[in-house]
Structure formats: C-alpha cells, structure tokens
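A short worksheet on the structure shown next.
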Amino acid sequence: MAQTYIFDLDGTLLDTLADLAASVNYALRTHHMPEHSLDDVRRFVGNGVRLLMIRAIPDGEQNPQFEAAFQTFREHYMAHSLDTTHPYDGIPELLAELKARGKRLAVVSNKFYAATQELCRHFFPDTIEVAIGEHEAEGIKKKPAPDTVIEALRQLGVTKENAVYVGDSDVDIATARNSGLPCISVLWGFRDRDFLTEKGATTFVEAPSDILDL
C-alpha cells in the first residue's frame, strides 16, 4: 500500500459539476451568450477554469467579451462554490481511514488556487494536509505538467517513492505519468471507463473504499 496519496479534486473527491455549470451559465447569461447543458460542462472541465470558459464561450478567447465573462465566472464561482458541491459517497470515510493508517494526503487541482484552498478547508480540514491549485504567479504550471505534484510532495516533506496519484480524467493520467507516479483512475467522476482506458488508464476503482485494497 502506498504511503502518500495525491488526489485530484473535481470529479475525484468532490462532485463540483452543478456549481461549475451554474457559474458558467451565469457568466454566459450576463454577457448575452448561449448557455450550456450539464453534460456540455462535464465535457468542458478538467483543464482548468480558463480552458473551461474558452470551451464554453463562442469563439473562445477571440470573443471580445471573453475576459469580462471569465471574470464574471470567477467572481460568481467564488461566491457559490459551496452551493451544491459535496464529497462523493465514501470519500470522507476513505480519507479518514488513510489518515488513521498514517498516510500523507494532498490535493492537486487545475482549479484556481483560492477555490482549491477554500474547498479543501471546508470539506477536508482534518485529512488533506496540502492543497495546490493553479498558481501561475509562482511559476507552477498546471496539470498535466508535474509541477503541482512536485510542489505538493515538497510541502508534505516526502519523495515520490511510495506515492500514488488518484484522479478521474485523461489529464490526471498524463499528470501521473509526467510525475513518475502510478495512477489510480476512479469511475465515479466526470469520465467513464472506456474513455479512461482509451487514454491509457490501467488501474480502476469503482468505489472509494476499493483504494484501501490496492
């Protein structure tokens, strides 16, 4: 069993989709752009909020209203990120058990830094030791670059030996590979088994408690 667990956040520990979609559509509506379905937003997430909005806004960054709409999204999401977001069933119990076994736990996310920190403090104050979000000001590249994983390991004070990465997307598979870590792909998140298999996933779990058996 691993000694260090590096978790993705959205789609892995937390079901954030409804709140993300609500903020996307609020921004689009505010700036008189067509809105998207929940399934649309599910396909858009995974590469950070800027790319989420590039995918959601007609013509992406070429749209003259892009920056204004992106700022509206950020402001709305920071105010509403806890409206419906919740841990997936079994996640709090998994983290508590890993902690009880003396494991080291961190989160790395492409969500902007302030939201990552806020969500982890709110939902996992006693289990997640380190939470790293998108933080370009410090020169830390977002996933799938290994930078956030390297920074999380540094803050934990551990090496990548006996560490494992847990995520729900192709970005997570690539992040684990680029970080030199084995990857556990979860099947309760934003992507299904066929998609993950196509992207190179080899180890799957259907429920959080399954991680304890690996």
Side-chain angles (χ1 to χ4, degrees), residues 1-18 20 38-39 41-49 51-52 55 85-99 101 103-111 116 119-120 123-124 127-128 130-134 141-153 156 158 160-214:
M1 192 175 188
Q3 294 301 310
T4 302
Y5 290 78
I6 308 295
F7 290 94
D8 171 55
L9 188 60
D10 295 42
T12 300
L13 298 183
L14 295 178
D15 185 352
T16 57
L17 188 61
L20 286 168
L38 196 65
D39 280 342
V41 177
R42 185 191 305 275
R43 290 193 298 271
F44 296 162
V45 298
N47 297 87
V49 292
L51 191 51
L52 164 62
R55 291 165 172 164
T85 286
H86 58 277
Y88 289 101
D89 289 346
I91 286 296
E93 294 82 0
L94 167 68
L95 297 181
E97 179 60 26
L98 290 173
K99 191 74 172 178
R101 296 183 185 188
K103 310 304 181 182
R104 309 299 302 277
L105 309 178
V107 160
V108 296
S109 176
N110 276 346
K111 186 186 294 295
T116 301
L119 288 168
C120 287
F123 289 108
F124 313 119
T127 49
I128 296 298
V130 170
I132 307 293
E134 186 175 0
K141 297 178 182 177
K142 68 180 183 179
K143 301 185 297 184
D147 299 36
T148 52
V149 173
I150 293 168
E151 178 62 15
L153 294 172
L156 287 173
V158 301
K160 67 179 182 180
E161 301 304 319
N162 296 313
V164 65
Y165 186 100
V166 184
D168 75 304
S169 73
D170 52 325
V171 174
D172 295 314
I173 295 166
T175 302
R177 183 186 305 118
N178 292 338
S179 304
L181 298 182
C183 184
I184 299 171
S185 294
V186 310
L187 294 177
W188 56 81
F190 299 160
R191 303 289 186 265
D192 62 25
R193 183 189 288 266
D194 289 344
F195 177 89
L196 294 170
T197 299
E198 181 182 325
K199 299 300 181 179
T202 57
T203 303
F204 300 95
V205 288
E206 294 186 354
S209 58
D210 295 342
I211 291 174
L212 297 172
D213 298 326
L214 296 177

### Summary
Rounding to 0.5 Å, atoms NZ (Lys160) and OG (Ser179) come to a distance of 8.0 Å
### Query
Measuring from Ile132:CD1 to Lys111:NZ, what's the distance to the nearest 0.5 Å?
15.0 Å
### Query
So, do Leu95 and Phe7 sit near enough that their side-chain heavy atoms are less than 4.5 Å apart?
yes
### Task
Under the side chain to side chain contact (heavy atoms under 4.5 Å, CB included) rule, what do Glu97 and Leu212 come out as? Steps first, then yes or no, please.
CA-CA 8 Å; Glu97 179 60 26; Leu212 297 172; 3.9 Å; yes
### Message
Taking NZ in Lys99 as the centre, count heavy atoms belonging to other residues, nucleotides or ligands within less than 6.0 Å. Is the count above 12?
### Response
yes
### Query
Do we see a donor-acceptor contact under 3.5 Å between the side chains of Asp172 and Thr175?
no
### Message
Before you tell me yes or no, could you show the steps for Tyr165 and Val108 under side chain to side chain contact (heavy atoms under 4.5 Å, CB included), namely the whole-Å CA-CA distance, both residues' side-chain angles and the distance that decides it to 0.1 Å?
### Response
CA-CA 10 Å; Tyr165 186 100; Val108 296; 3.7 Å; yes
### Query
Donor-acceptor pair, Arg104 side chain versus Leu156 backbone, under 3.5 Å?
yes
### Task
Take Arg42 and Asp39 through the test side chain to side chain contact (heavy atoms under 4.5 Å, CB included) and record every step on the way to the result.
CA-CA 5 Å; Arg42 185 191 305 275; Asp39 280 342; 3.6 Å; yes
### Message
Rounded to the nearest 0.5 Å, what separates atom CG in Asp213 from atom CE in Met1?
### Response
8.0 Å
### Query
Only one of Thr12, Val41, Asp8, Asp15 forms a side chain to side chain contact (heavy atoms under 4.5 Å, CB included) with Phe190, so which one is it?
Asp15
### Message
On a heavy-atom basis, which atom in Ile128 and which in Cys120 lie closest, and how many Å separate them?
### Response
CG2-SG, 4.4 Å
### Sole candidate of Leu196, Asp192, Val205 that passes side chain to side chain contact (heavy atoms under 4.5 Å, CB included) when paired with Leu187
Leu196
### Task
May I ask you to test the Leu14-Phe124 pair for a side-chain heavy-atom distance under 4.5 Å?
yes
### Query
What closest approach, in Å, do Ala131 and Thr116 show between heavy atoms, and which atom pair accounts for it?
CB-CG2, 4.1 Å
### Message
Could you measure the distance from the OG atom of Ser109 to the CG atom of Asp10? Nearest 0.5 Å is fine.
### Response
5.0 Å
### OG1 on Thr127 to CD1 on Ile91, rounded to 0.5 Å
10.0 Å
### Message
Distance check, rounded to the nearest 0.5 Å: Glu206 atom CD versus Ile211 atom CD1?
### Response
12.5 Å
### Query
For the residue pair Pro182 and Ala163, what are the closest heavy atoms and their distance?
CD-O, 3.4 Å
## Note on the structure
Sorted by chain and residue number, the side-chain contact (heavy atoms from CB on, under 4.5 Å) partners of Pro92 (sequence neighbours excluded) come out as Pro87
### Query
Is the side chain of Asn110 donor-acceptor paired with the backbone N or O of Lys143 at a distance under 3.5 Å, no angle test?
yes
### Task
Over all heavy atoms of both residues, which pair between Ala2 and Val164 is shortest? Give the atoms and the distance, please.
CB-CG1, 3.7 Å
#### Entry: Heavy-atom pair with the smallest gap, counting every atom of Pro144 and Asn178
O-ND2, 2.8 Å
### Query
Taking NZ, NE, NH1 and NH2 as the nitrogens, is one of them in Glu198 or Arg191 under 4.0 Å from a carboxylate oxygen of the other?
no
### For Lys142 against Leu51, the heavy-atom pair lying closest together
NZ-CB, 4.4 Å
